[in-house]
Every structure is written in C-alpha cells, then in structure tokens.
Amino acid sequence: MLNIDSLQTGIVIDHIPAGESMRIYELLHLEQMDCCVAVIKNARSTKYGRKDIIKIEGNVKIDLDVLGFVDPNITVDFIENGKIIEKKTMTLPQYLRNVIKCKNPRCITTIEEEIDQVFQLCDPKARRYRCIYCEQEYSPRP
Amino acid sequence: MRSLIDPLDLSIKEINSILDLADDIAKDPKRYRHVCDGKKLATLFYEPSTRTRLSFEAAMLNMGGSVMGFATADSSSASKGESVADTIRVVSCYADICAMRHPKEGAPLRASLYSKIPVINAGDGGHQHPTQTLADLMTIRQKKGRLSHLTIGLCGDLKFGRTVHSLIKSLSRYEGISFVLISPEELRVPSYILEEVLKPKRISYKEVSNLELAMGELDLLYMTRVQKERFFNEADYVRLKDTYILTEDKLRNAKPDMYILHPLPRVNEISLEVDDDPRAAYFDQVQNGVYVRMALMMKLLGVEKPC
C-alpha cells in the first residue's frame with residue numbers, strides 16, 4: 001500500500017470515481033497552485049472497489065462546486081490540526097462556467113472563442129444542464 | 001439596463017401593459033409622432049430581414065426618432081472578425097436602443113451582457129423572436145378578445161421556428177391553453193420546450209403530423225415556413241419544404257372564427273387564395289408588429305405616453 005502523509009491542514013477530495021482525478025485536477029485548476037497536491041489513483045475502496053483521492057495541503061480557498069457535477073458521491077473533508085473539522089457532500093451547482101462546451105453548431109459560442117461557456121442546471125433530478133445562450137441541453141456524447 | 005432577449009423576460013403584467021399601449025397607438029398613431037424625438041435606434045442585422053428590420057425602423061421613425069445600422073454581416077465589422085461584445089460596446093456610444101438579429105443563437109444575450117443600452121432580440125438563429133411574439137399576442141387578443149382558453153395549432157417547422165418557440169413559452173403562462181403541434185417527425189418541437197415548458201405546467205399538447213385531421217378543433221392556426229437557411233443539408237430541406245400547404249379546401253373543417261396567423265415571409269405554405277379568407281390574419285400581424293415595437297421601445301426607453 002502506497003503511503004501518503006496525513007494532512008495537518010488541507011482538503012481531501014475522496015470517493016472520486018477511479019480515473020476521474022486528473023479531470024478534477026484540471027477543473028479545479030490545481031496546476032496553478034503552488035501548494036503540495038497529491039493525486040492518488042486506483043486506491044482500494046470498500047464501497048466502490050477502486051477510487052481516486054486528491055489531497056491538497058494548506059489553508060487554500062478553492063471553488064469546489066464543480067465536483068457535484070462530476071459525481072455526486074464525491075466527498076470533501078476539510079482538515080485542521082490533523083482532524084476533520086467539516087465533511088461535505090456535493091450537490092449539483094446551479095451554473096457551470098467553462099467546465100463543459102456547447103455542441104450546438106448554431107450557438108454563438110461556436111464563433112466567439114473567448115466567450116465563457118456557461119451552463120445552467122435545468123433539471124436537478126435528471127442532472128440536466130442547458131447552455132445559457134442557445135438553451136441546447138448538454139450531452140456528454142460526441 | 002433592461003433588455004428583451006427571451007419572451008419570458010416580460011411578466012404577464014408587463015406584456016399586458018405593452019399590448020394595451022400598442023392598442024392605444026393603433027387607435028391614433030399620430031399622437032405618438034414626437035414621443036421619441038432625439039432618440040436613436042441601432043438596427044444590427046447580421047442576417048437578412050425585410051419585415052423585422054423595417055418594422056423596427058418604421059416604429060422608431062413613427063415616434064420621431066432616427067435609425068442607423070447595418071442590414072447584413074458583410075457590411076459590418078463582423079466581416080473583419082469583430083465580436084458581438086465589442087460591437088455592442090461601440091454601438092452603445094452612438095444609440096439609445098438596439099435591435100439585433102443574428103444567425104447564431106444567444107448572440108443578443110451575449111450583447112446584452114456588455115451593453116449600456118437596451119438590446120432587443122430581433123431573432124437569433126432558430127432560438128427566439130420575442131417581438132414577433134408580441135405582434136402575435138396583440139393579433140390573437142385583437143381577433144379572439146383573449147389570450148386564455150384557446151386551442152392553438154402550430155404547423156410546419158416547429159424545430160427551427162424561433163417564432164414558435166417564443167409563442168409557446170409566452171402562451172403557456174395563460175390559463176386554459178392547449179397546443180396541437182403539427183409537423184413532420186424531423187421538425188418537431190425541441191425537447192426542452194416539452195420537458196421544461198409544457199410538461200411542468202401540465203399544459204395539454206399533442207404532436208401530430210396530419211393538419212386536416214387537427215383542423216376542426218383549433219381556435220387558431222399558426223403556420224410557419226420550413227426555413228431553408230436553418231438546414232445544413234439541402235436534400236433534407238427539399239424533402240420537407242412542401243409538407244404542409246394550406247388551401248381553402250383544407251379550411252372546410254375549420255371553425256368559422258379560426259384565425260390563421262403566420263410570422264411571414266411565406267413561400268408556398270399558405271396558398272394565395274387563403275389571403276381573401278376573412279380568417280387570414282397574417283397581414284394584420286405585420287401592422288400590429290409596428291405598434292408593439294413602438295410600445296416596447298417606449299417602455300424600454302422609459303418614454304411617457306403623450307398627454
């Protein structure tokens with residue numbers, strides 16, 4: 001078993017579906033942070049078989065809302081003095097900014113490259129999002 | 001800054017207020033000929049249009065204002081690669097209000113986020129066309145005396161027909177509305193209209209493909225053109241363009257007060273003989289379009305009614 005030191009202060013993003021950690025690394029722009037970040041892939045999980053984990057050291061402020069979009073089962077532990085002070089389960093964010101792209105060829109986002117890609121949650125039960133510009137539903141299929 | 005991008009940007013109370021003002025303008029347009037003295041309308045039309053652009057321009061000229069703008073993307077800085085956001089920032093320095101038509105869906109919304117002046121969506125791709133909806137609502141209220149308790153048939157291109165999407169969204173807020181959606185399979189209403197507008201409000205609707213079978217139950221028939229410019233594949237357009245052609249013969253089963261609306265332009269989906277039918281209301285829509293655009297611009301500019 002690979003050992004990663006326990007955090008004294010920081011954030012543990014746990015129960016990430018196996019293979020999704022690098023996507024989350026990019027979505028949270030962790031490459032831009034100068035703190036210590038550990039990405040653990042394919043860790044053993046009694047609940048899911050395998051999972052990924054990300055540990056971020058330090059008192060950092062990150063917008064974690066996007067995690068709810070990636071997978072609602074992801075949990076976030078906030079750690080201080082080596083103890084979990086808050087455990088958070090994720091909910092679907094109302095808006096997604098520059099997380100997914102509109103695939104409607106008639107949408108303004110296809111011709112204006114600098115435009116922010118913004119999607120609004122339209123059906124929380126079905127986890128459906130729509131582009132705010134053209135209202136086309138996001139589909140993960142190519 | 002208040003803009004009109006989506007028909008639902010206006011509450012029912014605001015729509016009624018605009019329609020009341022438009023009715024008042026229709027009674028005596030000359031009373032309003034100086035209400036916009038000194039105001040300037042910019043018409044930014046990135047896509048060809050006869051009716052809508054001229055209607056906006058006529059509306060502002062009728063109120064004593066002036067107009068400027070462009071009629072195609074080729075004659076604007078868009079041809080040099082300028083973004084909608086930059087164009088509206090510049091136009092905000094010249095004009096008091098702007099009407100924008102764009103082939104890309106969401107372009108007017110994008111503009112409104114950067115604008116210092118009200119932006120009116122004059123049609124964005126196959127998405128929305130809220131001022132046509134105001135003209136439609138004014139005509140329906142004029143002909144039927146109400147906007148509630150109506151069975152409305154929408155026929156033709158319901159997929160790319162932006163006027164259809166805007167009209168369904170608007171009418172779905174009134175009581176007792178039911179829709180008969182008449183189209184070929186390929187041109188049915190987008191799923192978001194069914195899933196997020198009609199179903200949550202439990203509005204009665206049915207999707208059918210035969211116009212004549214549906215005719216007898218309709219209080220209004222809204223015909224649309226199959227729009228060549230929305231197809232990426234010409235063969236699909238050719239196959240579908242003549243699916244519905246309304247003739248006097250097909251109107252035999254229609255109610256005597258079933259008015260026929262069409263956002264125009266028409267190609268051949270309404271036969272010329274129908275123009276003489278007293279139920280043909282599509283040219284009234286054109287006239288009403290000028291009055292509602294006058295009323296809308298007055299509201300967005302905060303212009304008072306003349307004493």
Side-chain angles (χ1 to χ4, degrees), chain A residues 26-29 32 62-73 90-142, chain B residues 5-9 44 46-47 73 77-88 100-114 119 121 123-128 130 159-162 165-166 168-169 189-197 199-200 227 229-233:
Chain A
E26 286 166 12
L27 288 172
L28 297 179
H29 305 291
Q32 293 170 13
I62 307 172
D63 183 358
L64 297 165
D65 285 352
V66 70
L67 298 177
F69 171 72
V70 176
D71 192 304
N73 296 314
M90 305 313 297
T91 53
L92 284 174
Q94 201 60 33
Y95 288 94
L96 293 171
R97 187 174 291 271
N98 296 326
V99 174
I100 47 180
K101 278 193 168 183
C102 185
K103 293 171 185 169
N104 175 8
R106 295 175 185 81
C107 181
I108 184 68
T109 56
T110 60
I111 58 164
E112 300 214 348
E113 286 177 5
E114 82 290 1
I115 203 165
D116 277 348
Q117 297 267 350
V118 186
F119 282 74
Q120 185 171 14
L121 181 64
C122 58
D123 183 348
K125 271 188 190 165
R127 300 172 56 81
R128 289 184 359 213
Y129 281 84
R130 292 198 181 286
C131 171
I132 63 158
Y133 296 103
C134 67
E135 297 187 82
Q136 175 130 324
E137 186 180 337
Y138 172 72
S139 162
R141 291 187 299 277
Chain B
I5 305 301
D6 185 285
L8 299 189
D9 290 345
L44 312 183
Y46 294 79
E47 190 180 60
S77 286
S79 61
K80 299 173 192 164
E82 186 175 61
S83 69
V84 164
D86 279 2
T87 300
I88 197 67
M100 176 182 282
R101 167 163 296 186
H102 203 289
K104 292 294 182 183
E105 297 167 7
L109 171 62
R110 172 80 170 151
S112 72
L113 300 176
Y114 291 86
V119 175
N121 181 359
D124 59 334
H127 187 213
Q128 300 290 342
K159 181 178 182 185
F160 299 119
R162 57 192 169 201
H165 307 159
S166 291
I168 292 175
K169 271 186 161 184
V189 165
S191 64
Y192 81 89
I193 298 275
L194 303 182
E195 299 297 329
E196 285 155 39
V197 181
K199 286 181 185 174
Q227 303 168 89
E229 61 273 28
R230 305 283 167 239
F231 284 83
F232 290 128
N233 179 346

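Not measured: the values here are computed from a predicted model. Letters A, B, ... are given to chains in the order of the sequence lines, protein chains preceding strands, and every chain is numbered from 1.
When every heavy atom of B:K104 is checked against every heavy atom of A:C107, the shortest pair comes out as CD-O, 3.7 Å. Annotation for A:C122 and B:E196: closest pair SG-OE2, 3.3 Å, computed over non-hydrogen atoms.
For A:D123, no part lies under 4.5 angstrom from a heavy atom of chain B. When heavy atoms are compared at a cutoff of 4.5 Å, A:T109 does not approach chain B at all. With a threshold of 4.5 angstrom between heavy atoms, A:E112 approaches chain B through side-chain atoms but not through N, CA, C or O. Heavy atoms of B:L113 lying under 4.5 Å from chain A belong exclusively to its side chain.
With a 4.5 Å cut-off on side-chain heavy atoms, A:I108 and B:H127 do not count as touching. A 4.5 Å side-chain heavy-atom check between A:E137 and B:Y192 finds every atom pair outside the cut-off.
Enclosure of atom NZ in B:K159 is not indicated, since only 12 or fewer non-hydrogen atoms of other residues, nucleotides or ligands lie within 6.0 angstrom. For A:R97, the CZ atom is loosely surrounded, since the number of other residues' heavy atoms within 6.0 Å does not exceed 12.
Results of the side-chain contact (heavy atoms from CB on, under 4.5 Å) test with A:Y133 over B:L109, B:D124, B:I5 single out B:L109 as the only residue that passes.
Note: A:I115 leads A:I111, A:I115, A:I132, A:N104 in heavy-atom pairs under 4.5 Å with chain B.
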Checking A:E135 against B:H165 for the side chain to side chain contact (heavy atoms under 4.5 Å, CB included) test, could you report, in this order, the C-alpha distance in whole Å, the side-chain angles of both residues, the deciding distance, and whether it holds?
CA-CA 11 Å; A:E135 297 187 82; B:H165 307 159; over 6 Å; no

